[in-house]
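Whatever order the structure lists them in is the order used to number ligands and atoms, beginning at 1. The figures that follow rest on heavy atoms only: side chains count, while hydrogens, waters and symmetry mates do not. Because the structure is predicted, anything quoted here is derived from the model rather than measured.
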Amino acid sequence: MKLYSTNNHNLSVDFPTAVFNSMPLDKGLYMPVDIPVLDKEFIDHIEQYSLPQIAFKVASVLLQDAIPAGDLKAIIDDAINFDAPVVNLAGNDFVLELFHGPSLAFKDFGARFMSRIMGYFLKENEKTLDVLVATSGDTGGAVALGFLGVANTRVTILYPKGKVSDIQELQLCTNGQNIHAIEVEGTFDDCQHLVKQAFADEELNEKLRLTSANSINISRLIPQTFYYFNAYAQLRRQGKKDLVFVVPSGNFGNIAAGLLAYKMGLPVKRFVAATNVNDTVPRFLESGIYETRPSVQTYSNAMDVGAPSNWVRIMDLFNNDKAALEKVMKGYRFTDDETLEAIKAIYNEFDYIACPHTAIAWLALQQYRMDTSDQEFAGVFLSTAHACKFPDVFPEEIKADIEIPEQVKSLAAKPKLATAMDTGFESFKKYLLTSYGNA
Ligand SMILES: *Cc1c(COP(=O)(O)O)cnc(C)c1O
């Protein structure tokens, strides 16, 4: 497999290089040079295959010779060891539940696959790989639980004190082993700034082998294609074949993976991007003007992104042709009030509890049905996280009804391990050098 940069199509690097660099020096994003189309035979019989089987097929076709088949199969069976069921909500509305992994969010797919890919390419006796992550909640948990126990890796997570939910904090702080949590007396932006300074620091880069684990890494994107194919397989078993996917979007990695799957031959009628008031993409689709803005805090805080980092990948997939993109993709935005009303409506009408991100996707599906003359499709909206991760958003009677999954109950008994820190870079640097400098 070869990858180029969205800023330079003449660049050509191999898969391990793209994984460990995360981003090319020219600040573009890595994309596959070839996007092979899956054979028709496979697509036509996809309902016969399980999620790990589909994942293996899709990954082998895309990665080509980057990883031998036996090793790739072992990586996938280990990484993709939880389900992504499609649940019928009502009529032709289906919810694709992506929250059955260890951190209860879809980011588990990306983080678990990436951690195992990095572990696989790390040679023995090499320097330990130091993964630095700043998180506002969901990314940190997925990365912590994804890398937990992966040999030759060490993860340092910075999170803003008092600004993540109790369950998110448990997922960050109860791991031990190779996972270290730092509670920063500041905001998410402060955390991100500290990580950026670390990557730019010469001494740290000399003494440690630093890497990031954010959503621009190509090894996080690839596994997210698996569940789109697998959702299609599940719907085919129910006799449906015309699909519209609705994706709650922040950095647009999830929907970029869906569009990549589409380019690989997944039959989909449309993708609908659903955002909160951080609506850079819906505004662009309406006006043709791409204007990023500072992010605004909302109930669906994992989507509070004013400058979506994966957007260039989507434009690249469509050769920067907005008209071609518009044939496949639509965008809608919703406010916090609308989100809350949707959570209540989904609860009252369907006895289902949707997290705020999921509720926005449901709203976008209803809006899309109103805006299109075509009514003959199965609408699949993605549920990106379990409701228990965002308890503060829910009215009391719904909150009381949220079932806490076993993964979380077992964490509650463990001691919280986090290092408190101020926002000064010197403190963070000293921590890294004294904790890891000799190891
Ligand atoms: C990260 C996240 C999103 C946004 O996904 P992108 O790939 O950044 O668009 C949506 N919902 C939840 C729950 C998330 O954690």
Just which atoms of ligand 1 are under 4.0 Å from any heavy atom in [X]?
X: Met303; value: 10 (C)
X: Gly253; value: 6 (P), 7 (O), 9 (O)
X: Ala385; value: 13 (C)

Do any nitrogen or oxygen atoms of Asp138 lie less than 3.5 angstrom from nitrogen or oxygen atoms of ligand 1?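 For ligand 1, there is an N or O atom that lies under 3.5 Å from one belonging to Asp138.
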Looking at ligand 1, does any of its N/O atoms fall within less than 3.5 Å of an N/O of Phe252?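 Right, the criterion is met.
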Could you work out, for atom 6 (P) of ligand 1, the closest of Asn251, Leu104, Val305 by heavy-atom distance?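 Residue with the shortest heavy-atom distance to the ligand atom: Asn251.
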Would you please classify the geometry between the Tyr262 ring and the Phe318 ring as parallel, tilted or perpendicular, with 30° and 60° separating the classes?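 Geometry flag for Tyr262 against Phe318: parallel rings.
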Please list, chain by chain and in numerical order, all residues satisfying side-chain hydrogen bond (donor to acceptor under 3.5 Å, both in side chains) with His193, sequence neighbours excluded. none
Return the residue, atom name and 0.1 Å-rounded distance of the protein heavy atom closest to [atom].
atom: atom 12 (C) of ligand 1; answer: Thr384 OG1, 3.4 Å
atom: atom 7 (O) of ligand 1; answer: Asn254 N, 2.9 Å
atom: atom 14 (C) of ligand 1; answer: Lys107 NZ, 2.8 Å
atom: atom 4 (C) of ligand 1; answer: Gly250 N, 3.6 Å
atom: atom 5 (O) of ligand 1; answer: Phe106 CZ, 3.4 Å

For Phe109 together with Tyr227, are the ring centres under 6.0 Å from each other? yes
Between Tyr347 and Tyr352, does the ring centre distance come in under 6.0 Å? no
Minimum side-chain heavy-atom gap [X]-[Y] below 4.5 Å:
X: Leu158; Y: Met421; result: no
X: Val380; Y: Val95; result: no
X: Phe42; Y: Ile54; result: yes

More than 12 heavy atoms from other groups under 6.0 Å of NZ on Lys73: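 Open: at most 12 neighbouring heavy atoms sit under 6.0 Å from NZ of Lys73.
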